[in-house]
Protein chains: 2
Amino acid sequence: MNMDTFIDPASVVAVPADQDLQARTRLLNAAVHIFDRKGYASASVREIAELAGVTKPVLYYYFGSKEGLLMAVLTEAQRLFTATVETAVARVGTARERIIGLCTDIYAMFEQHVPVVRVAHAVFLGPPEVAPPFDVTIFELSLRGAFAQIAADGVAAGEFRAGTTDDLAMAVMGILEGCNERQLHPAFEPVGAAGVRRLLDLLFDGVMNTPRV
Amino acid sequence: MNMDTFIDPASVVAVPADQDLQARTRLLNAAVHIFDRKGYASASVREIAELAGVTKPVLYYYFGSKEGLLMAVLTEAQRLFTATVETAVARVGTARERIIGLCTDIYAMFEQHVPVVRVAHAVFLGPPEVAPPFDVTIFELSLRGAFAQIAADGVAAGEFRAGTTDDLAMAVMGILEGCNERQLHPAFEPVGAAGVRRLLDLLFDGVMNTPRV
DNA sequence: GTCTATACAATGATAGAC
DNA sequence: GTCTATCATTGTATAGAC
């Protein structure tokens, strides 16, 4: 992919129309901003072009259509996501530490790129009938595959109880998703990286007061 | 609220334009159907009125605006939600059983009313700038309050470890949300009520193979 | 309460000059 | 590559007859 498509997080929230950036990059930043605030369907190409400081035909010259613009944003989100997962999976340590590490890495990446993540999140959970031709399930599948892999390692090493692999991956996904949604939703207070770790510790160690048999 | 606003789940997915129903009810069913499939922003009142078998002015006569129609749908969703939470909280048993009971009740209610829940879910997670004047946080707040109450009971009774109340509620919310999203998203296979219970058991009993100290 | 007909703004997209 | 000007369509909403 062209390096021109890189989205500078600071510029997204600060000055999308910074004249030092290329028109294509300014359009991407503006698109993330508007898609995030109004949703893809309610966003207008007019507004995006204005925010980017260019005219409408420039937008169509670079992206072909409104949907093409969304596709470019999603491609960028996928790049951020898979990079985070791959580097986190390669870590060493106990399975417990690796799972916590992957979760905190994902959580931190979401925190650093809230607008882009929110756009991708909205497409992922939104109505499939109007969704663009972008396989949004790769986010879920790759992340769950990573958790399942680490969990299987933990079971094989005797670190985790036998037969917990798939359920552990699913439970971790749920807890992480809950934390991320609280981070993405402006009405709630984020739990923070420490909170993510606390919730995962609860899952690993259990809740009951009586020792297991 | 008028009983006329009740949304028969079967009619929503089957024949929204059933002539035996009142125009207002047919409009509500059609709105849920269209909002669910295309999203609120992309849905057109033209299409909703046609599906309901009435003309546009009839829609505006009953609901005043497109947003009023969405508000009516959300109000119905809230009714379903709070009713489920209240009856589940009133149950007796151990805190662990009560938490599992509330989760499976919510899960089953979502399963029975997938279209309405998806619409409410989309508004809850969607962009706040275009959201209707409906406090979507009440879903999260009431549910988390219920979990925290039960968890506090469990801690007080010595059933759960001390200091786990809030984290337990958050972790349960996350796991439940993960299961519900897999149920609402057509690309994934639902975990089922048994899966929900398994994941919660994992949280209660812990994952580690070594006994806690 | 329900209809026909229409007002009117906004949309995504393009043609063609430069 | 970027502009001005414009098109065709669709959107929500309403006026007024019955």
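Quick note on labels: first sequence line is chain A, next is B, and so on, each numbered from 1.
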[X] has an atom [atom1]; how far is it from atom [atom2] of [N], in whole Å?
X: A:L70; N: C:dA13; atom1: CG; atom2: P; result: 12 Å
X: B:Y62; N: C:dC3; atom1: OH; atom2: P; result: 10 Å
X: B:Y61; N: C:dG1; atom1: OH; atom2: P; result: 4 Å
X: A:F63; N: D:dT2; atom1: CZ; atom2: P; result: 12 Å
X: A:I48; N: C:dG12; atom1: CD1; atom2: P; result: 8 Å

Under the side chain to side chain contact (heavy atoms under 4.5 Å, CB included) test, which residues partner [X], sequence neighbours left out?
X: A:T55; answer: A:P57, A:V58
X: A:S44; answer: A:R46, A:E47
X: A:A122; answer: none
X: B:R96; answer: A:M208, B:T94, B:I100, B:E159, B:F160, B:D201, B:F204, B:D205

Legend entry - Nearest-0.5 Å distance, CG of residue A:L28 to CG of residue A:L59: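 The distance works out to 9.5 Å.
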Inset, instruction - Rounded to 10°, tell me the angle between the two end axes of the helix from C:dG1-D:dC18 to C:dC18-D:dG1, each built from five pairs. - result: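 Terminal axis comparison yields 0°.
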Please list, one pair per line, the donor and acceptor atoms closer than 3.5 Å that link side chains of residues 164-176 of chain B to other protein atoms, with sequence neighbours excluded.
| from | atom 1 | to | atom 2 | distance (Å) |
| --- | --- | --- | --- | --- |
| B:T164 | OG1 | B:R161 | O | 2.8 |
| B:D167 | OD1 | A:R198 | NE | 3.4 |
| B:D167 | OD1 | A:R198 | NH2 | 3.0 |
| B:D167 | OD2 | A:R198 | NE | 2.8 |

Legend entry - Phosphate-side-chain proximity, A:T55 and D:dT2, N/O vs OP1/OP2 below 4.0 Å: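 No, no such contact exists.
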Inset, instruction - Starting at the 5' end of nucleotides 6-18 of chain D, put B wherever the base has a protein heavy atom under 4.0 Å, S where only the sugar-phosphate does, and a dash everywhere else. - result: -----BBBBB---
Legend entry - salt bridge (Lys or Arg N to Asp or Glu O under 4.0 Å) partners of A:R197, counting only residues at least two apart: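 A:R197: no salt bridge (Lys or Arg N to Asp or Glu O under 4.0 Å) contacts found.
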Inset, instruction - Not counting sequence neighbours, which residues clear salt bridge (Lys or Arg N to Asp or Glu O under 4.0 Å) with A:E129? List them please. - result: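 Here the qualifying residues are B:R37.
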